[in-house]
Amino acid sequence: MILGIDTSCDDTSLALLDTNGKVLANVISSQTEQHASHGGIVPELASRSHMEVLPRLYAETLHQANVSEADLTGIAVTHTPGLIGCLLVGVSFAKALAYRLKIPLYAVNHLDGHLLSPFLTHSPVFPFLGLVVSGGHTAFYQVKAFDDICLVGQTVDDAAGEAFDKTAKQLGLGYPGGAAIEEMAIGGNSQHLTFRTVKVKMGKQYLSFSGLKTAVAQAIFKQAPAAGDLPHWCASIQEAIVKQLASKTTLFLSEFPYKSVALSGGVAMNTALRERLSRVCLEQGVDFLAADKKYCTDNAAMIAYAALKRPKLADIFLLNPQATQKIQARQLLREMSGGGS
Ligand code: KG4
Ligand code: ZN
């Protein structure tokens with residue numbers, strides 16, 4: 001029974017998985033309302049909020065899964081990447097708990113969590129092309145096995161989610177922008193405006209989204225959209241992002257005999273993206289495995305799952321107080337006697 005903890009950004013999440021990867025509880029406390037009035041995430045507010053809600057969420061997670069602390073055999077926590085203060089809160093909480101319960105602590109990379117999140121609900125089909133599209137990252141991975149993962153392409157600047165968030169802000173749609181743009185795009189004409197994508201000189205494996213916000217800013221400067229045109233603008237922005245992700249997916253599929261595409265991350269919530277990639281996969285004869293919508297945005301179930309499937313690759317710490325004391329005593333003696341490191 002493994003406890004997952006994710007406090008990397010503005011969602012506090014705890015989850016409990018059994019050793020087969022079955023989710024027994026996945027509790028999320030969102031801070032969106034707290035940050036919305038600031039137009040984006042305020043890191044200090046986010047860390048403090050994680051600190052306040054963690055103990056209550058921990059109790060709630062155990063209660064939902066109907067297990068006691070004594071049943072826990074490991075703790076998986078996101079240690080990077082993320083907002084440093086937020087990560088520190090989650091890692092400190094996890095360390096203290098692992099120390100008290102004397103169980104191993106797995107330090108998990110948040111992106112491994114997203115990458116493997118489709119398999120909380122689907123069986124993996126190796127080798128697969130993993131596409132992680134979140135608020136902070138847009139990356140393609142070649143995955144031959146759970147412990148054989150290779151980054152094959154990524155954005156050189158903004159992430160796809162950032163492109164949604166920044167253009168939504170320019171159009172006055174508030175934060176977070178992805179869902180707002182998707183909703184506003186309903187019934188809009190995606191060919192109303194054409195936002196060209198920038199070709200990255202470094203190589204065809206790279207993407208760029210930062211030009212999109214400049215293009216939208218220039219279009220607004222020329223003529224701000226009338227309220228009635230907003231659906232067309234949003235549909236056109238969504239199309240520019242989806243088109244670029246779909247064309248890179250087609251490119252990667254042509255370069256290696258993948259058997260499936262696994263889509264994950266907050267932007268994977270987007271229905272236009274899911275439909276377009278599903279069509280690409282159908283045309284290319286590969287399976288399309290998208291993360292279930294409840295596991296697209298940040299959640300701790302994916303963190304516990306990544307620790308279960310990649311235990312050797314997660315950093316494992318067994319917080320044994322006696323061992324720590326022995327090492328410290330030895331180091332101290334060496335330093336006092338002028339010995340080397
Ligand atoms: O994975 P996530 O929860 O956090 C990160 O690790 O970054 O992703 C959040 C991102 C935000 O940029 C948000 O605008 C985007 O996911 N997002 C969406 C949708 N829902 C959330 N983007 C497009 N369409 C959506 N429906
Ligand atoms: Zn994330």
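Position 1 is the first residue of the sequence, and the numbers go up from there. Because the structure is a prediction, the values reported are computed rather than measured.
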Could you go through the side chain to side chain contact (heavy atoms under 4.5 Å, CB included) check for Lys222 and Gln218 one step at a time? CA-CA 6 Å; Lys222 254 197 209 156; Gln218 282 171 348; over 6 Å; no
I'd like to know if the side chain of Asn270 and the backbone of Val267 have a donor-acceptor N/O pair within less than 3.5 Å. no
Side chain proximity check, Arg310 to Val108, heavy atoms < 4.5 angstrom: no
Quick note, salt bridge (charged side-chain N to carboxylate O under 4.0 Å, His left out) partners involving residues 267-279, not counting sequence neighbours, are Glu239-Arg276
Flag the pair Phe146 / Pro124 as yes when at least one side-chain heavy-atom distance between them is below 4.5 Å, and no otherwise. yes
Side-chain touch Glu69/Leu62, heavy atoms, less than 4.5 angstrom: yes
Measure the acute angle between the ring planes of Phe140 and Phe252, then classify it against the limits of 30° and 60° as parallel, tilted or perpendicular. tilted
Is there a side-chain contact between Val286 and Leu253, using heavy atoms and a 4.5 Å cut-off? yes
Electrostatic pair Lys259:Asp287 at N-O distance under 4.0 angstrom: no
Find the distance between CD (Gln284) and CG (Leu277) and round it off to the nearest 0.5 Å. 11.5 Å
Please check if the side chain of Thr138 supplies one atom and the backbone of Val133 the other of a donor-acceptor pair under 3.5 Å. no
Would you check, one step at a time, whether the test salt bridge (charged side-chain N to carboxylate O under 4.0 Å, His left out) holds for Glu44 with Arg48? CA-CA 6 Å; Glu44 181 61 18; Arg48 281 168 192 267; 2.7 Å; yes
Closest heavy-atom pair, Ala290 versus His122, reported as atoms and distance to 0.1 Å, is O-NE2, 2.9 Å
Do Leu72 and Leu3 come within less than 4.5 Å of each other through their side chains, counting heavy atoms only? yes
Do Phe164 and Ile241 come within less than 4.5 Å of each other through their side chains, counting heavy atoms only? yes
Can any side-chain N or O of Gln238 pair as donor or acceptor with the backbone N or O of Ala235 at less than 3.5 Å? no
Phe126 vs Phe119 aromatic rings, parallel, tilted or perpendicular, using cut-offs 30° and 60°? tilted
Taking all atoms of both residues into account, what is the closest heavy-atom pair of His35 and Val42, and its distance? ND1-N, 3.1 Å
To the nearest 0.5 Å, what is the distance between OG1 on Thr7 and CG on Leu88? 8.5 Å
